[in-house]
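As structure tokens, the structure follows; a few thoughts come after it.
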Amino acid sequence: MTVSEDAGRLYRLQHFLAKAGIASRRAAEVLIKEGRVSVNGQIVTELGTKCSEEDTVLVDGKSIRPEEAIRYILLHKPAGFLCSSHDDYGRPLALDLLKESFSERLYSVGRLDFESSGLIIFTNDGDFAKKLAHPSSEIEKEYLVSAHTKIPLELLKRFQEGIVLEGIRYQARSCRHEGDTELRIVLIEGKNREIRKVFKEFGLRILTLVRVRIGTVNLGNLAEGCFRALAKTEIDSLLGLCEKTGRVDHGSSD
């Protein structure tokens, strides 16, 4: 099925939704199958449907348009900012640091918790976000962590071997001391508040937790609260890491 084939360039409907920043292509396919998408007033459930930018496309009754520009933004999130599109308690949002510079609807690739700082990527490319965030991509995330007192070698040993807390297994790819009270930790999956939970198990209070690297992209000297666009070489490199797993079609937070 094709809708308005003469009206400019045609896109598969799921690609059109991804281009509009609504969802990844896979998630868009679910929206279509559920009958939540219409084109020119007609509900569409066929994944082979095509449309153009001149067509009227609605998702759940709301009109959508492709974003004018696809954005890939690296932000140095300060502590005290939430990685969410809204907050019922009125806490500052990391998105607030970007909204004056970008009109596109952006969302984070993974998360950093409220108390943590460092590198986080924002985009309106649903496929890119899906690939990077999915655990099967095995993208490394590197953190610098400082504690209130000396960090024992036993923590490093058990964290690298794998430690089970409340039925959940946490395991770092690597840990090394940067000083008696500092560690450099590399995670692959990055379960919710993983580093904080492991430190708490050893009676350690974290003073600072900063993510300094995602895959091949480093925080560098980017100041807190500042941002920059990812270079094409950085984007390609991140996607290349996903492709090495051979599972990019399947698609953090301390």
Side-chain angles (χ1 to χ4, degrees), residues 73-83 92 94 97 108-122 132-228 230-231 233-234 237-238 240-242 244-245 252-254:
I73 308 299
L74 185 157
L75 170 69
H76 185 164
K77 184 190 90 68
F81 283 77
L82 195 68
C83 291
L97 301 170
S108 62
V109 181
R111 292 175 182 268
L112 272 174
D113 72 29
F114 186 71
E115 301 156 303
S116 300
S117 64
L119 187 159
I120 187 162
I121 295 171
F122 282 83
L132 260 65
H134 199 281
S136 68
S137 294
E138 299 183 347
I139 300 295
E140 289 187 349
K141 289 92 175 176
E142 184 174 331
Y143 303 82
L144 287 178
V145 188
S146 66
H148 77 291
T149 190
K150 184 175 180 178
I151 301 171
L153 286 171
E154 181 66 13
L155 184 152
L156 281 71
K157 179 176 181 294
R158 290 184 62 192
F159 201 0
Q160 290 178 108
E161 291 176 348
I163 180 172
V164 178
L165 303 175
E166 298 181 351
I168 300 175
R169 180 180 175 84
Y170 301 105
Q171 186 171 15
R173 168 160 285 187
S174 66
C175 298
R176 75 169 189 264
H177 273 115
E178 292 288 316
D180 287 345
T181 63
E182 292 186 326
L183 283 188
R184 185 177 294 269
I185 300 172
V186 176
L187 303 179
I188 295 297
E189 185 174 351
K191 299 181 177 73
N192 184 42
R193 298 179 69 84
E194 178 168 353
I195 294 173
R196 295 186 184 278
K197 290 176 180 177
V198 172
F199 273 56
K200 183 179 179 180
E201 175 71 9
F202 284 83
L204 296 173
R205 177 166 51 88
I206 288 177
L207 299 180
T208 60
L209 195 163
V210 185
R211 183 156 65 195
V212 296
R213 178 173 65 88
I214 296 177
T216 53
V217 177
N218 292 285
L219 184 62
N221 60 1
L222 188 65
E224 280 196 359
C226 294
F227 58 86
R228 67 171 177 83
L230 286 176
T233 53
E234 292 176 313
S237 180
L238 288 171
L241 292 176
C242 297
K244 286 183 180 179
T245 69
S252 150
S253 30
D254 259 294

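In this structure, R213 and G215 approach most closely via the heavy-atom pair NH1-O, 2.7 Å. Closest approach of E138 and I188 over heavy atoms only: CA-CG2, 3.5 Å. The shortest heavy-atom contact between S237 and T216 is OG-OG1, 2.8 Å. Between A172 and I185, the shortest heavy-atom distance links the atoms CB-CG2, 4.1 Å. Across all their heavy atoms, K141 and E189 have their closest contact at NZ-O, 4.3 Å. Taking each heavy atom of F122 and A94 in turn, the nearest pair found is CZ-CB, 3.8 Å.
How far CD of E140 is from CD1 of I214: 12.0 Å, rounded to the nearest 0.5 Å. From H134, atom NE2 reaches atom CD1 of I139 across 12.5 Å, with rounding to the nearest 0.5 Å. A distance of 9.0 Å separates CG in L209 from CG in L144, rounded to the nearest 0.5 Å. Between the NZ atom in K200 and the CG atom in L165 there is a gap of 10.5 Å [rounded to 0.5 Å].
Residues forming a side-chain hydrogen bond (donor to acceptor under 3.5 Å, both in side chains) with E182 (at least two apart in sequence, or on another chain): none. For R205, there are no side-chain hydrogen bond (donor to acceptor under 3.5 Å, both in side chains) partners two or more places apart in sequence or in a different chain. Shown here are the ring pair (Phe, Tyr, Trp, His ring centres under 6.0 Å) partners of Y170, two or more places apart in sequence or in another chain: there are none. Looking at residues two or more places apart in sequence or on another chain, you find a side-chain hydrogen bond (donor to acceptor under 3.5 Å, both in side chains) between R176 and E178.
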Review point. Yes or no on side chain to side chain contact (heavy atoms under 4.5 Å, CB included) for I206 and I195, after CA distance, side-chain angles and deciding distance?
Key: CA-CA 9 Å; I206 288 177; I195 294 173; 4.0 Å; yes
Review point. Step by step, would you call V212 with Y143 a side chain to side chain contact (heavy atoms under 4.5 Å, CB included)?
Key: CA-CA 6 Å; V212 296; Y143 303 82; over 6 Å; no
Practice item. Test side chain to side chain contact (heavy atoms under 4.5 Å, CB included) on F227 and L97 and set out the steps. Key: CA-CA 9 Å; F227 58 86; L97 301 170; 5.5 Å; no
Practice item. Decide side chain to side chain donor-acceptor pair (under 3.5 Å) for R193 and S116; before the verdict, give the C-alpha distance in whole Å, the side-chain angles of both, and the deciding distance to 0.1 Å. Key: CA-CA 10 Å; R193 298 179 69 84; S116 300; over 6 Å; no
Exercise for review: Please lay out, stage by stage, how R196 and E115 fare under the test side chain to side chain contact (heavy atoms under 4.5 Å, CB included).
Suggested key: CA-CA 10 Å; R196 295 186 184 278; E115 301 156 303; 3.4 Å; yes
Exercise for review: Carefully, step by step, assess E142 and R173 under the rule salt bridge (Lys or Arg N to Asp or Glu O under 4.0 Å).
Suggested key: CA-CA 10 Å; E142 184 174 331; R173 168 160 285 187; over 6 Å; no
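Contact annotation: the side chain of L183 approaches that of L155 to within less than 4.5 Å [non-hydrogen atoms, C-beta and beyond]. By the 4.5 Å heavy-atom criterion applied to side chains, F159 and E194 are counted as neighbours. Looking at I120 and C83, their side chains come closer than 4.5 Å, going by heavy atoms from C-beta outward. C242 has its side chain within reach of L132: a pair of non-hydrogen atoms, C-beta onward, lies under 4.5 Å apart. With contacts defined as side-chain heavy-atom distances shorter than 4.5 Å, the pair F202/I151 does not qualify. The shortest distance between side-chain heavy atoms of I121 and L119 falls below 4.5 Å. For the pair L204 and P152, the minimum side-chain heavy-atom distance is below 4.5 Å.
Distance alone, capped at 3.5 Å, is enough to place a donor-acceptor pair between the K191 side chain and the R169 backbone. A donor-acceptor pair is defined here as one N or O able to donate and one able to accept, closer than 3.5 Å; no such pair exists between the side chain of E201 and the backbone of V198. A donor-acceptor contact shorter than 3.5 Å links the side chain of K77 to the backbone of F81. At least one donor-acceptor pair closer than 3.5 Å links the side chain of S108 to the backbone N or O of G110. H177 places no side-chain N or O within 3.5 Å of a backbone atom of L156 that could act as its donor or acceptor partner.
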Sequence neighbours left out, cut at 3.5 Å: what donor-acceptor pairs do the side chains of residues 217-225 make with other protein atoms?
none

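Within the structure, the side-chain hydrogen bond (donor to acceptor under 3.5 Å, both in side chains) test picks out the following pairs touching residues 147-158 (sequence neighbours left out): K157-E161.
R211 and S117 share no donor-acceptor pair across their side chains, judged by distance under 3.5 Å alone. Between the side chains of T208 and S146, at least one donor-acceptor pair of N or O atoms lies under 3.5 Å.
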